[in-house]
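These numbers come from a predicted model, not from an experiment. The chains referred to below are lettered A, B, ... by the order of the sequence lines, with proteins before strands, and numbering in each begins at 1.
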Protein chains: 2
Amino acid sequence: MLTKLQDRGSRMTSHRLALLRIMAVSEGHPNAAQLYEKLREQFPTISLATIYKTLLVLKEDGQVFEIDMHNDSHYDGNKPYPHPHLICNKCGDIIDGDDVSFLDAIGQEIQEKYNFQIAQSQLLFYGVCQNCQS
Amino acid sequence: MLTKLQDRGSRMTSHRLALLRIMAVSEGHPNAAQLYEKLREQFPTISLATIYKTLLVLKEDGQVFEIDMHNDSHYDGNKPYPHPHLICNKCGDIIDGDDVSFLDAIGQEIQEKYNFQIAQSQLLFYGVCQNCQS
DNA sequence: GTGGTATTGATAATTATTCTCCATAGATAA
DNA sequence: TTATCTATGGAGAATAATTATCAATACCAC
């Protein structure tokens with residue numbers, strides 16, 4: 001993971017390593033502010049701007065996926081490959097929708113019908129999650 | 001369309017009618033600023049806040065669909081039912097991806113596998129459109 | 001170690017969207 | 001038609017996430 005960064009002329013710093021670790025370990029989908037709070041425990045002088053800059057680098061690297069929600073992006077570092085996200089309107093939880101087939105099928109269909117070269121996708125389903133239904 | 005509004009206790013005004021007409025007629029997917037410019041031709045004193053307020057009402061009514069792009073929402077008034085949007089990274093065009101099957105299949109799969117009640121969806125595919133490939 | 005350069009932190013700037021508040025216009029009933 | 005009640009409109013301020021600026025610092029190849 002760090003070789004990928006260095007190949008692009010980027011440097012591996014303690015901040016970036018820590019952010020990568022948090023993204024890889026944490027189960028959730030934090031936003032910039034939440035990452036900021038977590039990193040401040042280890043690096044009390046870290047700036048919010050640094051979070052955004054680091055996330056930008058990691059996004060370009062494909063190591064982190066941005067879930068572009070309305071005026072509040074969240075980030076997925078566990079599974080940076082394209083997959084749907086299920087967002088609960090009640091508890092706000094973001095559930096990873098891997099295990100969903102048809103994705104390749106949809107991609108292929110769009111490619112053929114519209115002659116559109118897909119580079120990335122953002123599939124968000126809003127609704128009510130299992131826990132909030134009871 | 002206007003009865004729908006009135007049922008909810010909303011009033012049909014000349015501004016709203018004009019905005020509905022523009023949304024229904026125009027082929028594109030304008031954002032708030034673009035709608036503001038178009039409406040200013042007819043109503044020079046209209047405010048940008050009015051655009052946002054009207055769009056909010058129409059969204060709640062289901063007459064307009066919000067394409068929630070990064071810090072710049074665009075709106076779809078032609079086909080307010082859920083369908084994918086193909087966004088070209090080169091020319092910025094937004095293409096309607098109706099005619100795409102598998103959507104119901106994906107919805108059903110998510111419903112079953114995750115026991116998730118889908119209320120709305122936002123399916124964005126980023127890439128290169130047909131025109132920009134040549 | 002040293003030097004060149006990417007990164008950092010503090011803060012200002014930007015930008016889309018929302019809020020506030022009062023004036024006005026639309027609907028309803030007499 | 002007129003009076004009245006309430007939703008809507010306009011102007012500008014306020015909000016909040018994100019980005020830009022820039023001097024100081026830390027990383028890494030040599």
Side-chain angles (χ1 to χ4, degrees), chain A residues 1-20 22 29-61 63-75 92 94 122, chain B residues 1-20 22 29-61 63-75 92 94 122:
Chain A
M1 32 188 165
L2 45 92
T3 50
K4 246 182 156 184
L5 277 178
Q6 289 169 337
D7 287 349
R8 298 168 61 92
S10 298
R11 293 171 182 169
M12 177 51 61
T13 67
S14 55
H15 294 124
R16 290 193 179 164
L17 194 59
L19 198 147
L20 266 178
I22 288 179
H29 302 80
N31 60 12
Q34 290 166 337
L35 289 169
Y36 177 53
E37 286 310 317
K38 278 191 184 170
L39 277 174
R40 278 220 293 184
E41 296 171 3
Q42 302 179 49
F43 306 93
T45 71
I46 202 172
S47 167
L48 186 55
T50 300
I51 308 288
Y52 280 106
K53 289 175 196 164
T54 305
L55 284 173
L56 185 65
V57 172
L58 295 179
K59 263 193 299 178
E60 290 172 348
D61 236 38
Q63 304 199 45
V64 152
F65 182 79
E66 181 176 5
I67 306 170
D68 198 355
M69 295 173 66
H70 191 68
N71 273 347
D72 182 24
S73 289
H74 288 243
Y75 297 88
I94 303 176
Q122 167 118 254
Chain B
M1 32 187 163
L2 46 92
T3 50
K4 246 181 153 185
L5 277 177
Q6 289 170 338
D7 286 349
R8 296 168 61 92
S10 298
R11 294 171 182 169
M12 177 51 61
T13 67
S14 55
H15 294 124
R16 291 191 177 165
L17 194 60
L19 198 147
L20 267 177
I22 288 180
H29 302 79
N31 60 13
Q34 291 166 336
L35 289 169
Y36 177 53
E37 287 309 317
K38 279 189 185 172
L39 276 175
R40 278 220 293 183
E41 298 170 4
Q42 301 177 51
F43 306 93
T45 71
I46 201 172
S47 166
L48 187 54
T50 301
I51 308 288
Y52 280 108
K53 287 176 196 167
T54 305
L55 284 173
L56 185 65
V57 171
L58 295 179
K59 263 194 299 177
E60 289 173 347
D61 236 38
Q63 304 200 45
V64 151
F65 181 79
E66 181 175 5
I67 306 170
D68 198 356
M69 295 173 66
H70 191 66
N71 272 348
D72 182 25
S73 287
H74 288 245
Y75 296 89
I94 303 176
Q122 167 117 256

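- Using a 4.0 Å cut-off, some side-chain N or O of A:S73 falls inside it from OP1 or OP2 of D:dT18.
- Computed from coordinates, the A:Y36 OH to C:dT8 C1' distance equals 13 Å when rounded to whole Å.
- The side-chain contact (heavy atoms from CB on, under 4.5 Å) test with B:E37 singles out one residue from B:R40, B:E41, B:Q34, and that residue is B:R40.
- For the pair B:H15 NE2 and D:dA11 C1', the computed distance is 14 Å after rounding to whole Å.
- One can place CG of B:L20 at 13 Å from P of D:dT8, the figure rounded to the nearest angstrom.
- One can find a donor-acceptor pair under 3.5 Å joining the base of C:dT5 and the side-chain atoms of A:R11.
- The residue among A:D72 and B:V57 whose nearest nucleotide of DNA chain D is located toward the 5' end is B:V57.
- Within residues 44-53 of chain A, the residues having any heavy atom under 4.0 Å from DNA chain D are, by residue number, A:A49, A:Y52, A:K53.
- Under a 3.5 Å cut-off, the side chain of A:Q42 and the backbone N or O of A:A18 do not form any donor-acceptor pair.
- Under 4.0 angstrom from either OP1 or OP2 of D:dG9 there lies at least one side-chain N or O belonging to B:T13.
- Here the P atom of nucleotide D:dT6 and the CE atom of B:M12 are 22 Å apart, to the nearest Å.
- Rounding to whole angstrom units, CZ of residue A:R8 and C1' of D:dC27 are separated by 18 Å.
- We find that CD of B:Q42 is positioned 14 Å from P of D:dG9, with the value rounded to whole Å.
- Rounding to the nearest 0.5 Å places CG of A:L19 at 5.5 Å from CG of A:L55.
- Taking atom CG of residue A:L56 and atom P of nucleotide D:dA17, one finds them 19 Å apart after rounding to whole Å.
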- Task: Would you check, one step at a time, whether the test side-chain contact (heavy atoms from CB on, under 4.5 Å) holds for A:M12 with A:L17?
- Result: CA-CA 7 Å; A:M12 177 51 61; A:L17 194 59; 4.0 Å; yes
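- Residue B:T54 places none of its side-chain N or O atoms closer than 4.0 Å to OP1 or OP2 of D:dT8.
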- Task: Let me see the working for A:D72 and A:H74 under side-chain contact (heavy atoms from CB on, under 4.5 Å), right down to the final yes or no.
- Result: CA-CA 7 Å; A:D72 182 24; A:H74 288 243; 3.2 Å; yes
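- Per the geometry, NE2 belonging to B:H70 stands 6 Å off P belonging to D:dT18, to the nearest Å.
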